[in-house]
Amino acid sequence: MSVAPVDSIPSLSSDLFYDIFRRLDGATLASAACTCAALCSISKEESLWENVCSSMWPSTNREDVKSLISSVGGFRKFYADCFPLIVNKEVVEYQPNNYLEYPDNWTEAEYYGDMNELESISPSDFVSIVDIRFKGKPICSKVLWGIPNANGYDGWFYNCPFRIDILTYADRDDNNDGAVHLSVSDGLLPITSLERERKDGKLWRELREGLQLSWIIVNRKIKQAANLASWSPLGGQRHWPTDKDFVIRFGSVLPAKDILPCQVVECILIMKFRVVHTEEDGFQTTVKLTELSMQLEDMEGAHVNGRNSLHILKEALSSRRSKNYGEVLESCHMYSKVQNELKEEKMRNESRLDRLCILSGIAAFMTFWYCVL
(Lines give C-alpha, C1' and ligand atoms only; values in the text may rest on other atoms or scores of the structure.)
Protein backbone atom coordinates (compact mmCIF):
# COMPACT_ATOMS: atom_id res chain seq x y z
CA MET A 1 0.00 0.00 0.00
CA SER A 2 1.41 3.38 -0.98
CA VAL A 3 0.86 6.54 1.04
CA ALA A 4 0.48 9.85 -0.72
CA PRO A 5 2.99 12.41 0.61
CA VAL A 6 1.69 15.47 2.39
CA ASP A 7 3.70 18.63 1.83
CA SER A 8 2.47 20.37 4.96
CA ILE A 9 -0.18 20.17 7.63
CA PRO A 10 -1.97 23.32 6.38
CA SER A 11 -2.61 21.50 3.09
CA LEU A 12 -5.06 19.25 4.95
CA SER A 13 -8.53 20.43 5.77
CA SER A 14 -8.96 21.92 9.25
CA ASP A 15 -12.33 20.13 9.38
CA LEU A 16 -10.47 16.83 9.10
CA PHE A 17 -8.24 17.70 12.05
CA TYR A 18 -11.23 18.91 14.02
CA ASP A 19 -12.99 15.58 13.41
CA ILE A 20 -9.87 13.76 14.64
CA PHE A 21 -9.33 16.01 17.64
CA ARG A 22 -12.86 15.65 18.93
CA ARG A 23 -12.18 11.94 19.44
CA LEU A 24 -9.12 12.53 21.65
CA ASP A 25 -8.92 12.66 25.43
CA GLY A 26 -7.66 15.77 27.18
CA ALA A 27 -4.04 14.68 27.64
CA THR A 28 -3.66 13.65 24.00
CA LEU A 29 -5.35 16.82 22.78
CA ALA A 30 -2.99 18.93 24.87
CA SER A 31 0.02 17.03 23.48
CA ALA A 32 -1.18 17.51 19.91
CA ALA A 33 -1.47 21.24 20.54
CA CYS A 34 2.29 21.37 21.26
CA THR A 35 3.35 19.97 17.88
CA CYS A 36 2.89 23.01 15.64
CA ALA A 37 1.11 26.35 15.35
CA ALA A 38 -1.61 25.01 13.05
CA LEU A 39 -2.64 22.21 15.43
CA CYS A 40 -2.33 24.54 18.40
CA SER A 41 -4.81 26.92 16.79
CA ILE A 42 -7.30 24.12 16.11
CA SER A 43 -6.93 22.68 19.62
CA LYS A 44 -8.01 25.98 21.18
CA GLU A 45 -11.54 25.44 19.92
CA GLU A 46 -13.79 25.49 23.00
CA SER A 47 -16.15 22.83 21.64
CA LEU A 48 -13.27 20.32 21.65
CA TRP A 49 -12.61 20.91 25.35
CA GLU A 50 -16.31 20.85 26.06
CA ASN A 51 -16.39 17.32 24.62
CA VAL A 52 -13.38 16.34 26.74
CA CYS A 53 -14.95 17.70 29.94
CA SER A 54 -18.31 16.12 29.11
CA SER A 55 -16.64 12.74 28.69
CA MET A 56 -14.63 13.02 31.89
CA TRP A 57 -17.20 14.78 34.09
CA PRO A 58 -20.78 14.00 32.97
CA SER A 59 -22.13 16.68 35.32
CA THR A 60 -20.70 19.32 32.96
CA ASN A 61 -23.43 18.36 30.46
CA ARG A 62 -25.94 20.35 32.51
CA GLU A 63 -26.83 23.71 31.01
CA ASP A 64 -26.34 25.56 34.30
CA VAL A 65 -22.88 24.01 34.72
CA LYS A 66 -21.97 24.91 31.13
CA SER A 67 -22.88 28.52 31.84
CA LEU A 68 -20.82 28.40 35.04
CA ILE A 69 -17.74 27.04 33.25
CA SER A 70 -18.05 29.64 30.51
CA SER A 71 -18.22 32.40 33.13
CA VAL A 72 -15.01 31.26 34.88
CA GLY A 73 -12.84 31.05 31.76
CA GLY A 74 -14.16 28.29 29.52
CA PHE A 75 -13.81 24.53 29.23
CA ARG A 76 -10.12 24.59 28.28
CA LYS A 77 -9.22 26.43 31.48
CA PHE A 78 -11.61 24.26 33.49
CA TYR A 79 -9.86 21.09 32.30
CA ALA A 80 -6.41 22.57 33.01
CA ASP A 81 -7.52 23.46 36.56
CA CYS A 82 -9.37 20.26 37.44
CA PHE A 83 -7.61 17.39 35.68
CA PRO A 84 -4.39 17.64 37.74
CA LEU A 85 -4.89 16.72 41.39
CA ILE A 86 -3.78 18.78 44.38
CA VAL A 87 -0.40 17.78 45.76
CA ASN A 88 1.06 19.29 48.92
CA LYS A 89 4.80 19.05 49.57
CA GLU A 90 4.62 21.17 52.72
CA VAL A 91 3.94 18.10 54.88
CA VAL A 92 7.29 17.70 56.66
CA GLU A 93 8.66 14.90 58.78
CA TYR A 94 7.25 14.87 62.30
CA GLN A 95 9.04 16.87 64.97
CA PRO A 96 7.76 16.89 68.56
CA ASN A 97 5.52 19.79 69.52
CA ASN A 98 5.25 21.05 65.93
CA TYR A 99 1.49 20.73 65.84
CA LEU A 100 0.43 20.33 69.45
CA GLU A 101 -1.29 23.55 70.44
CA TYR A 102 -2.62 26.81 69.10
CA PRO A 103 -0.37 29.71 70.19
CA ASP A 104 -1.39 31.10 73.57
CA ASN A 105 -1.15 34.67 72.33
CA TRP A 106 -3.70 34.19 69.54
CA THR A 107 -6.68 36.52 69.88
CA GLU A 108 -10.23 35.41 69.16
CA ALA A 109 -10.11 37.27 65.85
CA GLU A 110 -6.90 35.45 64.84
CA TYR A 111 -8.36 32.06 65.80
CA TYR A 112 -11.69 32.49 64.02
CA GLY A 113 -10.44 34.68 61.19
CA ASP A 114 -10.86 38.35 60.36
CA MET A 115 -14.52 39.18 59.74
CA ASN A 116 -13.75 41.82 57.11
CA GLU A 117 -11.66 39.34 55.16
CA LEU A 118 -14.35 36.70 55.59
CA GLU A 119 -16.94 38.94 54.00
CA SER A 120 -14.98 38.65 50.75
CA ILE A 121 -15.41 34.84 50.89
CA SER A 122 -19.08 34.12 50.54
CA PRO A 123 -20.33 30.50 50.89
CA SER A 124 -22.70 31.20 48.00
CA ASP A 125 -19.70 31.69 45.69
CA PHE A 126 -18.74 28.01 45.94
CA VAL A 127 -20.16 25.31 43.67
CA SER A 128 -19.55 21.56 44.11
CA ILE A 129 -19.46 19.44 40.95
CA VAL A 130 -19.33 15.73 41.84
CA ASP A 131 -19.02 12.67 39.61
CA ILE A 132 -18.69 9.00 40.56
CA ARG A 133 -17.59 6.18 38.25
CA PHE A 134 -17.57 2.45 38.76
CA LYS A 135 -15.26 0.49 36.48
CA GLY A 136 -15.12 3.51 34.19
CA LYS A 137 -18.89 3.87 33.90
CA PRO A 138 -20.57 7.03 35.31
CA ILE A 139 -23.06 6.11 38.03
CA CYS A 140 -23.72 9.43 39.77
CA SER A 141 -23.46 13.15 38.98
CA LYS A 142 -24.40 15.85 41.49
CA VAL A 143 -24.13 19.64 41.54
CA LEU A 144 -24.52 21.72 44.70
CA TRP A 145 -24.75 25.50 44.49
CA GLY A 146 -23.34 27.24 47.55
CA ILE A 147 -22.68 25.69 50.98
CA PRO A 148 -25.76 24.56 52.93
CA ASN A 149 -26.73 26.21 56.23
CA ALA A 150 -24.19 29.00 55.82
CA ASN A 151 -26.52 32.00 55.72
CA GLY A 152 -25.64 34.93 57.94
CA TYR A 153 -22.20 35.82 59.28
CA ASP A 154 -23.34 35.32 62.87
CA GLY A 155 -24.78 31.87 62.13
CA TRP A 156 -23.64 28.63 63.71
CA PHE A 157 -21.95 27.51 60.47
CA TYR A 158 -18.87 29.66 61.03
CA ASN A 159 -18.03 28.28 64.48
CA CYS A 160 -19.21 24.67 64.06
CA PRO A 161 -17.47 21.79 62.26
CA PHE A 162 -17.56 22.16 58.49
CA ARG A 163 -19.41 19.43 56.59
CA ILE A 164 -21.17 19.09 53.24
CA ASP A 165 -23.56 16.19 52.60
CA ILE A 166 -23.91 16.27 48.83
CA LEU A 167 -26.73 13.72 48.61
CA THR A 168 -29.06 15.53 50.99
CA TYR A 169 -28.82 19.01 49.51
CA ALA A 170 -28.04 18.34 45.84
CA ASP A 171 -31.07 16.03 45.61
CA ARG A 172 -33.23 18.72 47.14
CA ASP A 173 -32.10 21.17 44.44
CA ASP A 174 -32.51 18.66 41.62
CA ASN A 175 -36.00 17.59 42.74
CA ASN A 176 -35.32 13.85 42.62
CA ASP A 177 -34.96 11.06 45.12
CA GLY A 178 -31.25 10.75 44.34
CA ALA A 179 -31.09 6.99 44.87
CA VAL A 180 -27.86 5.56 43.45
CA HIS A 181 -27.58 1.77 43.20
CA LEU A 182 -24.90 -0.62 42.00
CA SER A 183 -25.83 -4.15 40.98
CA VAL A 184 -24.53 -7.13 39.04
CA SER A 185 -25.74 -5.51 35.82
CA ASP A 186 -23.29 -2.63 36.54
CA GLY A 187 -20.38 -5.04 36.83
CA LEU A 188 -20.63 -5.79 40.55
CA LEU A 189 -19.61 -9.29 41.60
CA PRO A 190 -22.48 -11.33 43.09
CA ILE A 191 -22.17 -12.33 46.74
CA THR A 192 -24.16 -15.19 48.19
CA SER A 193 -24.46 -13.75 51.70
CA LEU A 194 -22.96 -11.25 54.12
CA GLU A 195 -21.44 -14.12 56.10
CA ARG A 196 -19.54 -15.17 53.01
CA GLU A 197 -18.50 -11.57 52.32
CA ARG A 198 -17.02 -11.23 55.81
CA LYS A 199 -14.77 -14.19 55.05
CA ASP A 200 -13.54 -13.45 51.52
CA GLY A 201 -14.12 -9.67 51.16
CA LYS A 202 -14.82 -9.88 47.42
CA LEU A 203 -17.41 -7.10 47.42
CA TRP A 204 -15.11 -4.86 49.46
CA ARG A 205 -12.23 -5.33 47.01
CA GLU A 206 -14.60 -4.78 44.10
CA LEU A 207 -15.68 -1.42 45.50
CA ARG A 208 -12.15 -0.36 46.45
CA GLU A 209 -10.75 -1.17 43.03
CA GLY A 210 -13.67 -0.06 40.86
CA LEU A 211 -14.83 3.26 42.33
CA GLN A 212 -13.51 6.66 41.27
CA LEU A 213 -14.55 10.03 42.67
CA SER A 214 -14.16 13.57 41.36
CA TRP A 215 -15.23 16.44 43.63
CA ILE A 216 -14.60 19.79 41.96
CA ILE A 217 -14.96 23.05 43.85
CA VAL A 218 -15.55 26.21 41.80
CA ASN A 219 -15.46 29.74 43.17
CA ARG A 220 -17.59 31.94 40.94
CA LYS A 221 -16.21 35.18 42.34
CA ILE A 222 -12.49 34.60 41.81
CA LYS A 223 -13.12 32.34 38.76
CA GLN A 224 -11.00 29.42 39.94
CA ALA A 225 -11.61 25.69 40.26
CA ALA A 226 -9.85 22.64 41.70
CA ASN A 227 -10.46 18.92 42.14
CA LEU A 228 -10.32 18.01 45.85
CA ALA A 229 -10.66 14.25 45.33
CA SER A 230 -7.95 11.63 44.87
CA TRP A 231 -9.79 9.79 42.06
CA SER A 232 -9.04 6.40 43.64
CA PRO A 233 -9.78 5.47 47.29
CA LEU A 234 -7.17 6.23 49.95
CA GLY A 235 -8.67 3.85 52.49
CA GLY A 236 -11.89 2.75 54.10
CA GLN A 237 -13.61 0.37 56.46
CA ARG A 238 -15.90 -2.53 55.73
CA HIS A 239 -18.84 -3.72 57.83
CA TRP A 240 -18.99 -0.41 59.71
CA PRO A 241 -21.04 0.84 61.50
CA THR A 242 -23.20 -2.18 60.62
CA ASP A 243 -22.48 -5.42 58.78
CA LYS A 244 -24.19 -4.06 55.67
CA ASP A 245 -22.18 -0.82 55.42
CA PHE A 246 -18.96 -0.12 53.52
CA VAL A 247 -17.15 3.19 54.05
CA ILE A 248 -14.69 4.33 51.37
CA ARG A 249 -12.45 7.36 51.87
CA PHE A 250 -11.07 9.73 49.24
CA GLY A 251 -9.45 13.11 49.74
CA SER A 252 -6.43 15.37 49.50
CA VAL A 253 -4.03 17.41 51.62
CA LEU A 254 -4.80 21.14 51.49
CA PRO A 255 -2.61 24.10 52.50
CA ALA A 256 -3.63 26.02 55.62
CA LYS A 257 -0.65 28.33 56.00
CA ASP A 258 -1.42 31.39 58.14
CA ILE A 259 -4.88 29.90 58.78
CA LEU A 260 -4.15 27.08 61.24
CA PRO A 261 -1.01 26.29 63.29
CA CYS A 262 -0.65 22.87 61.63
CA GLN A 263 -0.19 24.59 58.21
CA VAL A 264 -1.91 21.73 56.36
CA VAL A 265 -5.27 19.94 56.71
CA GLU A 266 -6.86 16.85 55.25
CA CYS A 267 -9.91 17.10 53.04
CA ILE A 268 -11.84 13.90 53.76
CA LEU A 269 -14.41 12.74 51.23
CA ILE A 270 -16.56 9.89 52.51
CA MET A 271 -18.56 7.54 50.29
CA LYS A 272 -20.75 5.00 52.08
CA PHE A 273 -22.57 2.07 50.49
CA ARG A 274 -25.11 -0.25 52.09
CA VAL A 275 -25.91 -3.78 50.92
CA VAL A 276 -29.58 -3.89 49.90
CA HIS A 277 -29.79 -7.40 48.42
CA THR A 278 -27.60 -10.51 48.23
CA GLU A 279 -28.10 -13.61 46.10
CA GLU A 280 -29.65 -15.51 49.02
CA ASP A 281 -32.49 -12.94 49.05
CA GLY A 282 -33.52 -14.07 45.58
CA PHE A 283 -32.35 -10.82 43.94
CA GLN A 284 -29.21 -9.57 42.23
CA THR A 285 -26.50 -8.36 44.58
CA THR A 286 -27.24 -4.66 45.02
CA VAL A 287 -25.67 -1.87 47.06
CA LYS A 288 -27.02 1.63 47.61
CA LEU A 289 -25.06 4.87 48.02
CA THR A 290 -26.16 6.29 51.40
CA GLU A 291 -23.59 9.01 52.05
CA LEU A 292 -21.32 11.29 50.05
CA SER A 293 -19.81 13.98 52.24
CA MET A 294 -16.88 16.35 52.72
CA GLN A 295 -15.20 17.54 55.90
CA LEU A 296 -11.86 19.06 56.83
CA GLU A 297 -9.67 17.82 59.70
CA ASP A 298 -6.46 19.25 61.14
CA MET A 299 -3.35 17.26 62.04
CA GLU A 300 -4.81 16.22 65.41
CA GLY A 301 -7.99 14.90 63.80
CA ALA A 302 -10.14 17.82 64.98
CA HIS A 303 -12.83 19.13 62.62
CA VAL A 304 -12.11 22.53 61.10
CA ASN A 305 -14.87 25.09 61.64
CA GLY A 306 -16.81 26.72 58.82
CA ARG A 307 -15.00 30.05 58.99
CA ASN A 308 -11.50 28.57 58.59
CA SER A 309 -12.77 26.05 56.04
CA LEU A 310 -13.83 28.84 53.69
CA HIS A 311 -10.31 30.31 53.84
CA ILE A 312 -8.76 26.87 53.24
CA LEU A 313 -11.00 26.11 50.27
CA LYS A 314 -10.11 29.45 48.74
CA GLU A 315 -6.38 28.76 49.19
CA ALA A 316 -6.80 25.28 47.69
CA LEU A 317 -8.02 26.78 44.42
CA SER A 318 -4.56 28.25 43.80
CA SER A 319 -2.48 25.43 45.28
CA ARG A 320 0.06 23.27 43.44
CA ARG A 321 -1.24 20.38 41.33
CA SER A 322 0.22 17.40 39.52
CA LYS A 323 -0.78 14.96 36.81
CA ASN A 324 1.46 12.38 38.49
CA TYR A 325 -0.91 10.30 40.60
CA GLY A 326 2.01 8.69 42.42
CA GLU A 327 3.11 12.12 43.63
CA VAL A 328 -0.42 12.80 44.91
CA LEU A 329 -0.50 9.49 46.81
CA GLU A 330 2.93 10.20 48.29
CA SER A 331 1.64 13.51 49.64
CA CYS A 332 -1.38 11.80 51.26
CA HIS A 333 0.71 9.00 52.73
CA MET A 334 3.22 11.47 54.16
CA TYR A 335 0.38 13.32 55.87
CA SER A 336 -0.93 10.06 57.37
CA LYS A 337 2.55 9.16 58.58
CA VAL A 338 3.06 12.51 60.32
CA GLN A 339 -0.45 12.35 61.80
CA ASN A 340 0.13 8.84 63.18
CA GLU A 341 3.46 9.92 64.73
CA LEU A 342 1.70 12.85 66.35
CA LYS A 343 -0.97 10.56 67.81
CA GLU A 344 1.68 8.18 69.14
CA GLU A 345 3.58 11.06 70.75
CA LYS A 346 0.37 12.36 72.31
CA MET A 347 -0.43 8.91 73.71
CA ARG A 348 3.08 8.65 75.17
CA ASN A 349 2.71 12.06 76.82
CA GLU A 350 -0.66 11.08 78.27
CA SER A 351 0.82 7.82 79.53
CA ARG A 352 3.65 9.71 81.26
CA LEU A 353 1.13 12.08 82.81
CA ASP A 354 -0.98 9.16 84.04
CA ARG A 355 2.07 7.53 85.68
CA LEU A 356 3.04 10.84 87.25
CA CYS A 357 -0.47 11.25 88.70
CA ILE A 358 -0.42 7.70 90.08
CA LEU A 359 3.01 8.19 91.67
CA SER A 360 1.92 11.54 93.10
CA GLY A 361 -1.18 9.90 94.59
CA ILE A 362 0.87 7.09 96.13
CA ALA A 363 3.37 9.57 97.56
CA ALA A 364 0.58 11.72 99.03
CA PHE A 365 -1.06 8.62 100.54
CA MET A 366 2.16 7.41 102.12
CA THR A 367 2.97 10.90 103.43
CA PHE A 368 -0.48 11.17 105.00
CA TRP A 369 -0.17 7.87 106.86
CA TYR A 370 3.38 8.60 107.85
CA CYS A 371 2.23 11.82 109.49
CA VAL A 372 -0.73 10.06 111.15
CA LEU A 373 1.35 7.23 112.57
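Numbering starts at 1 and runs along the sequence shown.
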J.: Might you point out which heavy atoms bring Gly187 and Lys135 nearest each other, and give the distance in Å?
T.: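 So the minimum-distance heavy-atom pair works out to O-NZ, 2.6 Å.
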
J.: Compare all side-chain heavy atoms of Pro233 with those of Gln212 and state whether any distance is below 4.5 angstrom.
T.: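 Not in contact.
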
J.: So, taking the atom named CE in Met56 and the one named CZ in Arg133, what distance separates them when rounded to the nearest 0.5 Å?
T.: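 Spacing of CE (Met56) from CZ (Arg133) equals 7.5 Å.
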
J.: Measuring from atom OG of Ser293 to atom CD1 of Ile270, what distance do you get when rounded to the nearest 0.5 angstrom?
T.: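 Separation between the atoms: 6.0 Å.
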
J.: Do side-chain atoms of Thr285 reach the backbone of Val184 as a donor and acceptor pair under 3.5 angstrom?
T.: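 A pair under 3.5 Å: no.
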
J.: Measuring from Lys221:NZ to Phe126:CZ, what's the distance to the nearest 0.5 Å?
T.: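 With rounding to 0.5 Å, NZ (Lys221) is 10.5 Å from CZ (Phe126).
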
J.: Are side-chain heavy atoms of Val180 and Ile132 found at a separation under 4.5 Å?
T.: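 The answer is no; the side chains never approach within 4.5 Å.
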
J.: Would you say Val127 and Leu144 make side-chain contact, with heavy atoms under 4.5 Å?
T.: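 The answer is no, as the side chains (C-beta and beyond) never meet within the 4.5 Å cut-off.
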
J.: In Å, rounded to the nearest 0.5 Å, how long is the span from NZ of Lys314 to CD1 of Ile259?
T.: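 Lys314 atom NZ to Ile259 atom CD1 measures 9.5 Å (nearest 0.5 Å).
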
J.: Is the backbone of Lys223 close enough, under 3.5 Å, to the side chain of Asn219 for a donor and an acceptor to pair up by distance?
T.: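 No; zero donor-acceptor contacts below 3.5 Å.
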
J.: Out of curiosity, Cys53 SG to Ile216 CD1, how far, rounded to the nearest 0.5 Å?
T.: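 Between atom SG of Cys53 and atom CD1 of Ile216 there are 8.0 Å.
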
J.: Between Asp25 and Thr28, is any side-chain donor less than 3.5 angstrom from a side-chain acceptor?
T.: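 Their side chains do contain a donor-acceptor pair, which is all the 3.5 Å distance test asks for.
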
J.: Using modelled atom types only, decide if a donor and an acceptor are shared between the side chain of Asp131 and the backbone of Ser214 within a distance under 3.5 Å.
T.: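 Such a contact is absent between Asp131 side chain and Ser214 backbone.
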
J.: Hey, does the side chain of Thr278 reach the backbone of Ile191 with a donor-acceptor pair shorter than 3.5 angstrom?
T.: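 Not a single qualifying donor-acceptor pair exists.
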
J.: Hey, mind stepping through Asp245 and Lys272 against salt bridge (Lys or Arg N to Asp or Glu O under 4.0 Å) and telling me if it holds?
T.: CA-CA 7 Å; Asp245 293 312; Lys272 184 185 292 185; 5.6 Å; no

J.: For the side chain of Asp281 and the backbone of Phe283, is there at least one donor-acceptor N/O pair under 3.5 Å apart?
T.: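 Between the backbone of Phe283 and the side chain of Asp281 there is no qualifying donor-acceptor contact (under 3.5 Å).
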
J.: Between Asp64 and Ser67, do the side chains contain a donor N or O and an acceptor N or O under 3.5 Å apart?
T.: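 The criterion, which ignores hydrogens and geometry beyond distance, is not satisfied for Asp64 and Ser67.
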
J.: Checking Glu291 side chain against Asp165 main chain: does a donor-acceptor pair fall under 3.5 Å?
T.: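 Checked: no pair found.
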
J.: So which heavy atom on Ser322 is nearest to which on Val328, and how close?
T.: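 Residues Ser322 and Val328, closest heavy atoms: O-CG2, 4.2 Å.
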
J.: Could you measure the distance from the CD atom of Gln284 to the NE2 atom of His181? Nearest 0.5 Å is fine.
T.: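 Answer for the CD-NE2 pair, Gln284 versus His181, is 12.5 Å.
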
J.: Would you say the side-chain atoms of Thr60 pair up with the backbone N or O of Trp57, donor to acceptor, closer than 3.5 Å?
T.: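 Present.
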
J.: Just wondering, are more than 12 heavy atoms of other shown residues or ligands nearer than 6.0 Å to CZ in Arg249?
T.: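 Correct, the count exceeds 12.
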
J.: So Arg163 and Met294, do their side chains get closer than 4.5 Å, heavy atoms only?
T.: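 They are not in contact (no side-chain heavy atoms under 4.5 Å apart), so the answer is no.
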
J.: Determine whether the aromatic ring centres of residues His303 and Phe162 are separated by less than 6.0 angstrom.
T.: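 Judged by ring-centre distance (under 6.0 Å), Phe162 and His303 do not meet the cut-off.
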
J.: Does the pair Lys66/Glu50 count as a salt bridge with the N-to-O cut at 4.0 Å?
T.: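 Judged by the 4.0 Å cut-off on N to carboxylate O distance, Lys66 and Glu50 do form a salt bridge.
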
J.: With a 3.5 Å distance limit and no angle check, can you tell me whether Glu197 reaches the backbone of Trp204 through a side-chain donor-acceptor pair?
T.: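 Checking the backbone N and O of Trp204 against the side chain of Glu197, a donor-acceptor pair under 3.5 Å is found.
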
J.: For Arg321 and Ala316, which heavy atoms make the closest approach, and how far apart are they?
T.: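 The pair with the smallest heavy-atom distance is NH2-O, 3.8 Å.
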
J.: Would you be so kind as to tabulate the donor-acceptor pairs closer than 3.5 Å made by side chains of residues 78-85, with sequence neighbours excluded?
T.:
{"residue": "Tyr79", "atom": "OH", "partner": "Ala27", "partner atom": "N", "Å": "3.3"}
{"residue": "Asp81", "atom": "OD2", "partner": "Lys77", "partner atom": "NZ", "Å": "2.9"}

J.: Backbone N or O of Ser124 within a donor-acceptor pair of the Arg220 side chain at under 3.5 Å?
T.: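 Between the backbone of Ser124 and the side chain of Arg220 there is a qualifying donor-acceptor contact (under 3.5 Å).
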
J.: Tell me the closest heavy-atom pair linking Thr286 and Ser183, and the distance in Å.
T.: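 Heavy atoms only, the tightest pair is OG1-CB, 3.8 Å.
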
J.: Which residues pass the side-chain hydrogen bond (donor to acceptor under 3.5 Å, both in side chains) test with Arg320, not counting sequence neighbours?
T.: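 So Arg320 forms a side-chain hydrogen bond (donor to acceptor under 3.5 Å, both in side chains) with Glu327.
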
J.: Do Phe134 and Val247 belong together in a cluster built from hydrophobic side chains that touch within less than 4.5 Å?
T.: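 No, Phe134 and Val247 fall in different hydrophobic clusters.
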
J.: Ignoring hydrogens and geometry beyond distance, is a side-chain donor-acceptor pair present between Ser128 and Trp215 at under 3.5 Å?
T.: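 There is such a pair (donor and acceptor under 3.5 Å, judged by atom type) between the side chains of Ser128 and Trp215.
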
J.: Do the side chains of Glu350 and Arg355 get close enough for a salt bridge, i.e. N-O under 4.0 angstrom?
T.: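 So Glu350 does not pair with Arg355 through a salt bridge.
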
J.: Walk me through it: do Asn88 and Ser331 pass the test side-chain hydrogen bond (donor to acceptor under 3.5 Å, both in side chains)?
T.: CA-CA 6 Å; Asn88 197 312; Ser331 172; 5.6 Å; no

J.: Transitively linked via ILVMFWY side-chain contacts under 4.5 Å: Phe273 with Val276?
T.: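 No, it is not one cluster - the side chains of Phe273 and Val276 are not joined through contacts under 4.5 Å.
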
J.: Picking from Asp243, Thr242, Val287, what satisfies side chain to side chain contact (heavy atoms under 4.5 Å, CB included) with Val275?
T.: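 Testing Val275 for a side chain to side chain contact (heavy atoms under 4.5 Å, CB included) against Asp243, Thr242, Val287 leaves exactly one candidate, Val287.
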
J.: What closest approach, in Å, do Asn324 and Gly326 show between heavy atoms, and which atom pair accounts for it?
T.: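 Taking every non-hydrogen atom into account, OD1-N, 3.0 Å.
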
J.: Any donor and acceptor pair, going by atom type alone, linking the side chain of Arg208 with main-chain N or O of Ser232 inside 3.5 Å?
T.: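 No; judged by distance alone, with no hydrogens or angles, the pair does not exist.
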
